[in-house]
Chemist: 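Supplied in structure tokens, the structure appears directly below.
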Amino acid sequence: VKAAVVRSFSDAPRFDDFPAPTVRNEDELLVDVIAAGLHPRVRSQAAGSHYTSTDKLPLVPGVDGVGRDTDGQLRYFVLTDTTMGSMAERTVIDRRRSVVLSPSSDPIAVAAGMNPAMSSWIALRKRIDFAVGLNVLVLGATGNAGRMAIEVAKLLGAGQIIGAGRDAGRLSELAGLGATSTVSFDGSTSDQIRAATSEVDVVLDYLWGEPAATAMAALITGRADEGRPLTWIQIGSVAGPTAPIPSAALRAARLQIVGSGQGSVSGREIVAELPTLAEHISSGRFHIGVRSMPLADVELAWREAAATRQRIVLTP
Ligand SMILES: NC(=O)c1ccc[n+]([C@@H]2O[C@H](COP(=O)([O-])OP(=O)(O)OC[C@H]3O[C@@H](n4cnc5c(N)ncnc54)[C@H](OP(=O)(O)O)[C@@H]3O)[C@@H](O)[C@H]2O)c1
């Protein structure tokens with residue numbers, strides 16, 4: 001089959017031939033891939049740097065997608081660690097890790113939106129007991145996952161929804177998605193950050209690194225009520241894989257740090273959340289910035305992915 005093929009972790013995938021996938025048991029299904037998202041997770045997979053990476057090569061990247069099975073049904077699927085990913089004309093999926101989509105759903109939107117939306121959906125529904133009215137701060141709210149986190153928090157009934165980031169233009173778009181306020185971590189003083197976040201209950205952190213540590217120090221020293229629990233959910237690390245967390249943060253407030261991702265949430269729990277989320281996306285509940293490109297242009301897509309704001313979706 002034609003596919004995006006990674007032969008070296010130091011080069012972008014190339015459009016090339018790859019051995020045709022075969023079904024090995026009755027849970028597996030062959031699908032014609034319609035759309036596969038080029039998520040940050042897929043870029044790290046192709047670079048051999050994701051925490052779940054094995055170092056097997058060659059590989060076809062792609063961790064999820066939308067395809068049509070041999071019965072003609074449209075399915076959103078998630079793949080487990082495999083060298084036969086979704087960026088191919090055909091791939092093999094496990095039917096238990098897929099959901100049948102309504103024929104009217106938009107495969108491009110679903111392929112673009114499920115991965116970024118899932119990050120906050122799973123975090124709020126599976127890693128904490130989220131209650132309606134809790135105040136949420138999204139740290140790194142200008143990326144695809146961060147923007148959708150604003151909409152997910154709104155959908156789940158959050159009280160205050162505060163978007164924090166560094167790009168003023170993108171921050172200004174968040175009110176339209178449901179943010180009750182925004183705060184710039186570049187343009188604001190510590191006092192302003194403290195004032196804006198003094199009643200936060202839950203942080204959805206896409207950044208980690210230095211910015212997360214700085215934000216944590218501000219939040220801890222700015223609590224309106226020190227006894228009010230603060231749960232910090234670590235989700236992404238676009239600003240750095242490690243963060244210099246101040247020890248006092250853990251003593252001076254009722255701070256809990258947890259993470260949400262593959263491993264801290266089981267595959268079964270993740271799969272159980274897919275149908276509802278797929279329905280929200282299919283029904284147009286979220287704003288999804290997407291740019292679709294032919295699979296044959298995968299090399300160009302890899303170059304563009306670093307620069308473009310919209311989620312790239314490859315279509316075989
Ligand atoms: N754990 C999970 O379940 C899960 C699921 C999906 C995604 N993720 C992770 O979530 C993260 C974000 O994913 P995404 O899909 O939203 O990626 P994305 O669309 O590429 O957005 C990344 C955003 O990060 C911001 N950023 C980058 N470096 C920054 C820095 N030093 N300080 C502040 N902001 C910075 C950029 O904002 P500006 O340039 O606008 O400032 C950019 O918009 C990734 O690490 C991804 O792997 C985790």
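First listed ligand is number 1; within each ligand, the first listed atom is number 1. In this chain, residues are counted from 1 in sequence order.
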Chemist: Quick one: which ligand 1 atoms are inside 4.0 Å of a heavy atom on A239?
Modeler: 30 (C), 31 (N)
Chemist: I'd like to know if N115 contacts ligand 1, where contact means a heavy-atom distance under 4.0 Å to any ligand atom.
Modeler: yes
Chemist: Of the listed options (S120, A141, A117, S260), which comes nearest to atom 1 (N) of ligand 1 when hydrogens are ignored and any heavy atom counts?
Modeler: S260
Chemist: Polar contacts were defined as any N/O atom of the residue lying under 3.5 Å from an N/O atom of the ligand; does this apply to N144 and ligand 1?
Modeler: yes
Chemist: Specify side chain, backbone, both or neither for L207, according to which of its non-hydrogen atoms lie closer than 4.0 Å to ligand 1.
Modeler: side chain
Chemist: Does R309 come within less than 4.0 Å of ligand 1, judged by its heavy atoms?
Modeler: yes
Chemist: Would you compute the distance between atom CZ of R96 and atom CG of L29 and round it to the nearest 0.5 angstrom?
Modeler: 10.5 Å
Chemist: Between atom CZ of R309 and atom CZ of R170, what is the distance when rounded to the nearest 0.5 Å?
Modeler: 5.0 Å
Chemist: So for R166, does at least one of its heavy atoms come nearer than 4.0 angstrom to any atom of ligand 1?
Modeler: yes
Chemist: State the CG-CD distance between N135 and E199, to the nearest 0.5 angstrom.
Modeler: 6.5 Å
Chemist: How about T221 and R194: do any of their side-chain heavy atoms sit closer than 4.5 Å?
Modeler: yes
Chemist: Heavy-atom count around D17 CG within 6.0 Å, excluding the residue itself: above 12?
Modeler: yes
Chemist: Can you find an N/O atom of R311 closer than 3.5 Å to an N/O atom of ligand 1?
Modeler: yes
Chemist: So if I count the atoms of ligand 1 from 1 in the order they appear, which ones are less than 4.0 Å from some heavy atom of T142?
Modeler: 37 (O), 38 (P), 40 (O), 41 (O), 43 (O)
Chemist: So, regarding I235 and ligand 1 (criterion: nitrogen or oxygen to nitrogen or oxygen, under 3.5 Å), is there a contact or not?
Modeler: yes
Chemist: What verdict does the salt bridge (charged side-chain N to carboxylate O under 4.0 Å, His left out) test give for R95 and D69, after you've listed the backbone C-alpha separation in whole Å, the side-chain angles of each residue and the deciding distance to 0.1 Å?
Modeler: CA-CA 10 Å; R95 70 173 83 233; D69 66 23; over 6 Å; no
Chemist: Regarding ligand 1, does R41 bring an N or O atom to under 3.5 Å of one of the ligand's N or O atoms?
Modeler: no
Chemist: For M84 versus L79, what's the shortest heavy-atom pair and its separation?
Modeler: O-CD1, 3.9 Å
Chemist: Does K2 have more than 12 heavy atoms from other residues, nucleotides or ligands lying within 6.0 Å of its NZ?
Modeler: yes
Chemist: From the options S119, A305, G261, select the one whose nearest heavy atom is closest to atom 4 (C) of ligand 1.
Modeler: S119
Chemist: Is it the case that over 12 heavy atoms from other parts of the model lie below 6.0 angstrom from the CD atom of E279?
Modeler: no
Chemist: Have a look at G140, G37, P40, S237 and point out the one with the heavy atom closest to atom 45 (O) of ligand 1.
Modeler: S237
Chemist: May I ask you to identify, for H39, whether its side chain, its backbone, both or neither come under 4.0 Å of ligand 1 on a heavy-atom basis?
Modeler: neither
